[in-house]
Amino acid sequence: MLETMPLVNLDNPTIIGPGSEWFWAMAQLVVVVVSLLAVYRQLKAQGAANAFARISSIQRHWESKTLAQARLRTALRLRYSNEKGLDAGALIVCEFMDDIWDLYEQGFLTRDVAVGNWGYSAYNWWQLLGPAVEFQRLADGEMASSNFESFAAFAGKMMLENGLALAEFDEPTRRRYLDRAIRRNTEILEIFAAAESNNIPGPPAEPLDPPIGEIAG
């Protein structure tokens, strides 16, 4: 009859010499587990840092002088001109939104990040530029460099998930959004111009309202 040998000698446990193999095997296992946990945490932290850097970089690009100029130029053209198609400014806006959705589909951005940061902008700009994209696609035919299908998918995702209107903006809504885009991007460019000229904002020479402390008196 074969005798069985216990994996761990519980009667006379030892950590040095014969019979201590179980202890050192367990110690090595603990070291390996701790090392793997440390590597996992490091990779997780590094991944979070990379993701944050990526999001920050994209947001800085969206808020950059170039994009503000493009949005302002596009909004002014849509508001005051009857020209159809896409000009240089509109192409820059469309390409940005196209890139955001491509990054999401390739796994570089999560759905929450893409939609949470740029979803409503994608929807609004597609409502404004969608007809121009379609006109340009038909005009260019096979020569079209891009149909901005990712931009359209991005806006469509926002429509479906948030119950937004599929139809184009009516004229009063369209004008309201364009006027807001003109005002907002003009202010952004004024901030850039002030920063470049070292112009520090301050209160008006003659305050329109009395200081808060003087109101009660």
Side-chain angles (χ1 to χ4, degrees), residues 51 54-192:
R54 185 181 301 118
I55 296 168
S56 298
S57 177
I58 296 171
Q59 186 63 22
R60 284 196 301 271
H61 182 45
W62 178 244
E63 296 174 351
S64 68
K65 187 176 181 179
T66 299
L67 263 295
Q69 287 273 14
R71 293 193 299 270
L72 178 58
R73 176 173 176 169
T74 301
L76 287 169
R77 182 170 177 268
L78 291 172
R79 181 69 172 83
Y80 298 108
S81 173
N82 292 323
E83 295 181 21
K84 299 180 179 180
L86 301 170
D87 67 351
L91 284 172
I92 291 174
V93 175
C94 290
E95 287 168 356
F96 177 89
M97 293 302 175
D98 229 35
D99 290 343
I100 293 295
W101 201 245
D102 285 341
L103 288 171
Y104 160 71
E105 292 189 327
Q106 294 165 13
F108 294 106
L109 292 176
T110 65
R111 177 261 174 210
D112 289 343
V113 167
V115 171
N117 286 278
W118 304 285
Y120 280 100
S121 293
Y123 170 76
N124 291 334
W125 279 107
W126 181 257
Q127 292 289 74
L128 297 171
L129 289 172
V133 171
E134 180 64 16
F135 176 87
Q136 197 71 52
R137 184 184 68 80
L138 295 174
D140 293 345
E142 296 181 355
M143 299 298 294
S145 59
S146 174
N147 292 327
F148 299 112
E149 294 176 354
S150 294
F151 185 6
F154 194 0
K157 186 76 169 177
M158 287 296 298
M159 294 177 190
L160 293 175
E161 291 191 358
N162 297 278
L164 301 175
L166 294 174
E168 297 178 14
F169 286 156
D170 57 31
E171 191 58 26
T173 302
R174 180 176 177 274
R175 290 181 179 178
R176 184 171 68 252
Y177 273 98
L178 288 173
D179 288 343
R180 187 174 67 177
I182 291 168
R183 182 175 63 255
R184 180 175 299 174
N185 288 288
T186 298
E187 291 173 350
I188 292 173
L189 292 173
E190 288 174 348
I191 291 173
F192 276 110

Which distance, rounded to the nearest 0.5 Å, do you find between the [atom1] of [X] and the [atom2] of [Y]?
{"X": "R77", "Y": "L178", "atom1": "CZ", "atom2": "CG", "value": "12.0 Å"}
{"X": "K157", "Y": "S150", "atom1": "NZ", "atom2": "OG", "value": "13.5 Å"}
{"X": "L86", "Y": "L129", "atom1": "CG", "atom2": "CG", "value": "6.5 Å"}
{"X": "I188", "Y": "L72", "atom1": "CD1", "atom2": "CG", "value": "9.5 Å"}
{"X": "L78", "Y": "E83", "atom1": "CG", "atom2": "CD", "value": "10.0 Å"}
{"X": "N117", "Y": "Q59", "atom1": "CG", "atom2": "CD", "value": "6.0 Å"}

With heavy-atom distances below 4.5 Å as the criterion, would you say the side chains of [X] and [Y] are in contact?
{"X": "F154", "Y": "W126", "answer": "no"}
{"X": "M158", "Y": "W118", "answer": "no"}
{"X": "F108", "Y": "D102", "answer": "no"}

Worksheet entry | Heavy-atom donor-acceptor pair, D98 side chain to C94 backbone, under 3.5 Å |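 Such a contact is absent between D98 side chain and C94 backbone.
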Worksheet item: Under the 3.5 angstrom rule, does the side chain of R71 hit a backbone N or O of R184 as a donor-acceptor pair?
Response: no
Worksheet item: Do you know the tightest heavy-atom contact between F135 and G85?
Response: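 Residues F135 and G85, closest heavy atoms: CD2-N, 3.4 Å.
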Worksheet entry | Sequence-distant partners of R79, salt bridge (Lys or Arg N to Asp or Glu O under 4.0 Å), two or more places apart | D179
Worksheet item: Y177 vs F169 aromatic rings, parallel, tilted or perpendicular, using cut-offs 30° and 60°?
Response: parallel
Worksheet item: Y104 and W101: aromatic ring centres closer than 6.0 Å?
Response: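 Between Y104 and W101, the centre distance is under 6.0 Å.
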